[in-house]
There are 2 protein chains.
Amino acid sequence: MDFDQADRVNQAIRLLSLRHRARTAELLAPLGLHPGQEALVLELARTGPMIQAKLSEALNIEPPSVTLMARKLEASGHLRRTPAPTDKRASVVELTDSGRALAGQLKRLWRALAEETVAGLSARKVQDLPGLLTTIAANVDTRHRR
Amino acid sequence: MDFDQADRVNQAIRLLSLRHRARTAELLAPLGLHPGQEALVLELARTGPMIQAKLSEALNIEPPSVTLMARKLEASGHLRRTPAPTDKRASVVELTDSGRALAGQLKRLWRALAEETVAGLSARKVQDLPGLLTTIAANVDTRHRR
DNA sequence: CGGCTAACGTTATCTGCATAAGGTTAGCCG
DNA sequence: CGGCTAACCTTATGCAGATAACGTTAGCCG
């Protein structure tokens, strides 16, 4: 592959990252959320209460990021952190009523964003898109390298 | 589109962003660069000296980001910022010899990353990928919205 | 049971990128 | 030529996310 072609690939990914995040920020702003936080709330809504280490793994972000984001979502009343009964090191995080209500809002918004994202694509391409993106994401995964 | 499908789309994009950036960081680290800076250097290598406002537009990032990133690349000796002769408000930024050498390294690395990214995809899909990503990036572009 | 390692979480610090606000200069228009 | 707007850059601040380093607890193993 020559440089121009490689650059097109890399730059397209970078641009998509920037724009998708910016659009997410725009949609999330009315809810008082910042991009990244929606993933945390949606994961808790999907899976239920869990330890922070689990969240870190589910979201593919590092534990310190979970600590800080959870602290902010706790401050805004959307979630609660309680010491784990079985393990004094761990802390369980779960949605509050406010957090569950927020998750409902998020789900609607999340569908709107996805529809906007794939606008104009054929049904086949829409169908294949998640798989395609997941594949190339796996290709550049930092962990299972050589 | 139902929520699960929408979530797959959005989450795939988020995951790709995280992983591609992480892999970029890993590859850039030996050169002493952080992700994002490579775009700046490559743009200067491609287009030549330019005003910061132009750079901001080319990279799709805001002017304050350019200021800070350029300051750091200047500190590490890869570029130089000189007052624009025709416009006292503007400052021209250009690569130094060290910066040009770095750009050469970057180009090789950039090709390797792209090849790694599209590994296992059919030639057709590789061919279509940049266009596809650019299309969906345009779909979520914040600016030309209603 | 004592000690060692591994896991959980936290704090500190760094980066990219964003918005808000402010100082200078360009450039136009009356 | 004076004033007004718009463009260029910068500083301050906030957020996500990363690493490094640290204290605390689990859990295993001699």
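By convention in this document, chain letters (A, B, ...) are assigned in the order of the sequence lines, proteins followed by strands, and residues within each chain are numbered from 1.
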> Measure from CD on E74(B) to C1' on dT10(D) and round the result to the nearest Å.
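Going from CD in E74(B) over to C1' in dT10(D) covers 14 Å.
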> Does R71(B) come within less than 4.0 Å of E74(B), counting only side-chain N to carboxylate O?
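Salt bridge flag = no for E74(B) with R71(B).
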> Are the side chain of E38(B) and the backbone of P35(B) linked by a donor-acceptor contact shorter than 3.5 Å?
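Side chain of E38(B) to backbone of P35(B): no pair is present.
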> Between dG16(C) atom P and H20(B) atom NE2, what is the distance in whole Å?
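Taking atom P of dG16(C) as the reference, NE2 of H20(B) is at 17 Å.
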> Heavy atoms under 4.0 Å is the rule here; annotate nucleotides 16-21 of chain D 5' to 3' with B where the base is hit, S where only the sugar-phosphate is, and - elsewhere.
SBBBB-
> Write down the protein N/O and nucleotide N/O pairs, taken from nucleotides 1-8 of chain D, whose separation is under 3.5 Å; answer none if there are no such pairs.
| residue | atom | partner | partner atom | Å |
| --- | --- | --- | --- | --- |
| dA7(D) | N3 | R89(B) | NH1 | 2.8 |

> The criterion is salt bridge (charged side-chain N to carboxylate O under 4.0 Å, His left out); which residues satisfy it with R80(A), sequence neighbours excluded?
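Counting only residues at least two positions away or on another chain, R80(A) forms a salt bridge (charged side-chain N to carboxylate O under 4.0 Å, His left out) with E94(A).
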> Rounding to a whole Å, what distance do you find between L55(B):CG and dC17(C):P?
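Roughly 12 Å, once rounded to whole Å.
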> Whether D128(B) and K125(A) form a salt bridge (side-chain N of Lys/Arg under 4.0 Å from carboxylate O of Asp/Glu) is what I want to check.
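Judged by the 4.0 Å cut-off on N to carboxylate O distance, K125(A) and D128(B) do not form a salt bridge.
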> M50(A) CE to dC8(C) C1': how many Å, rounded?
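Going from CE in M50(A) over to C1' in dC8(C) covers 14 Å.
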> Pair up each side-chain donor or acceptor in residues 48-55 of chain A with any protein partner under 3.5 Å, not counting sequence neighbours, and list the distances.
| residue | atom | partner | partner atom | Å |
| --- | --- | --- | --- | --- |
| Q52(A) | OE1 | R81(A) | NH1 | 2.5 |
| Q52(A) | OE1 | S91(A) | OG | 3.3 |

> Main chain of L44(A), side chain of T47(A): is a donor-acceptor contact present, judged purely on distance under 3.5 Å?
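Checking the backbone N and O of L44(A) against the side chain of T47(A), no donor-acceptor pair under 3.5 Å is found.
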> Working to the nearest 0.5 Å, report the span between CZ of R108(A) and CG of L113(A).
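It comes to 15.0 Å.
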> Donor-acceptor pair, distance only, cut-off 3.5 Å: does the side chain of N10(B) make one with the backbone of W110(A)?
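Side chain of N10(B) to backbone of W110(A): a pair is present.
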> Rounded off to whole Å, could you give me the CZ-to-P distance for the R71(A) and dA12(C) pair?
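Atom-to-atom, R71(A) to dA12(C), this comes out as 10 Å.
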> Using whole Å, report how far CZ of R19(A) lies from P of dA18(C).
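Checked: the CZ to P distance equals 10 Å.
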> For DNA chain C, write out the stems as range with range, using runs of 3 or more consecutive Watson-Crick or G-U pairs with both distances under 3.5 Å.
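DNA chain C stems, ordered by first number: C:1-30 with D:1-30.
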> Can a side chain N or O of T67(A) be found less than 4.0 Å away from OP1 or OP2 on dT10(C)?
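For dT10(C), OP1 or OP2 has a side-chain N or O of T67(A) closer than 4.0 Å.
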> Run the salt bridge (charged side-chain N to carboxylate O under 4.0 Å, His left out) test on D7(A) and R46(B) for me, step by step, so that the C-alpha distance in whole Å, both residues' side-chain angles and the decisive distance to 0.1 Å come before the verdict.
CA-CA 11 Å; D7(A) 192 48; R46(B) 185 181 307 125; 2.7 Å; yes
> Does anything in residues 13-22 of chain B pair up under salt bridge (charged side-chain N to carboxylate O under 4.0 Å, His left out), and if so which pairs, sequence neighbours excluded?
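Passing the test, one end in residues 13-22 of chain B: D141(A)-R19(B).
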> Between R100(A) and D97(A), does any NZ, NE, NH1 or NH2 come within less than 4.0 Å of an OD or OE carboxylate oxygen?
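Yes, this pair counts.
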> Whole angstroms only, please: what is the CG-C1' distance between L28(B) and dT15(C)?
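These atoms are roughly 12 Å apart.
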> Using atom CD of E26(B) as one end and atom C1' of dT15(C) as the other, report the distance to the nearest whole Å.
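One finds 17 Å between C1' of dT15(C) and CD of E26(B), rounded.
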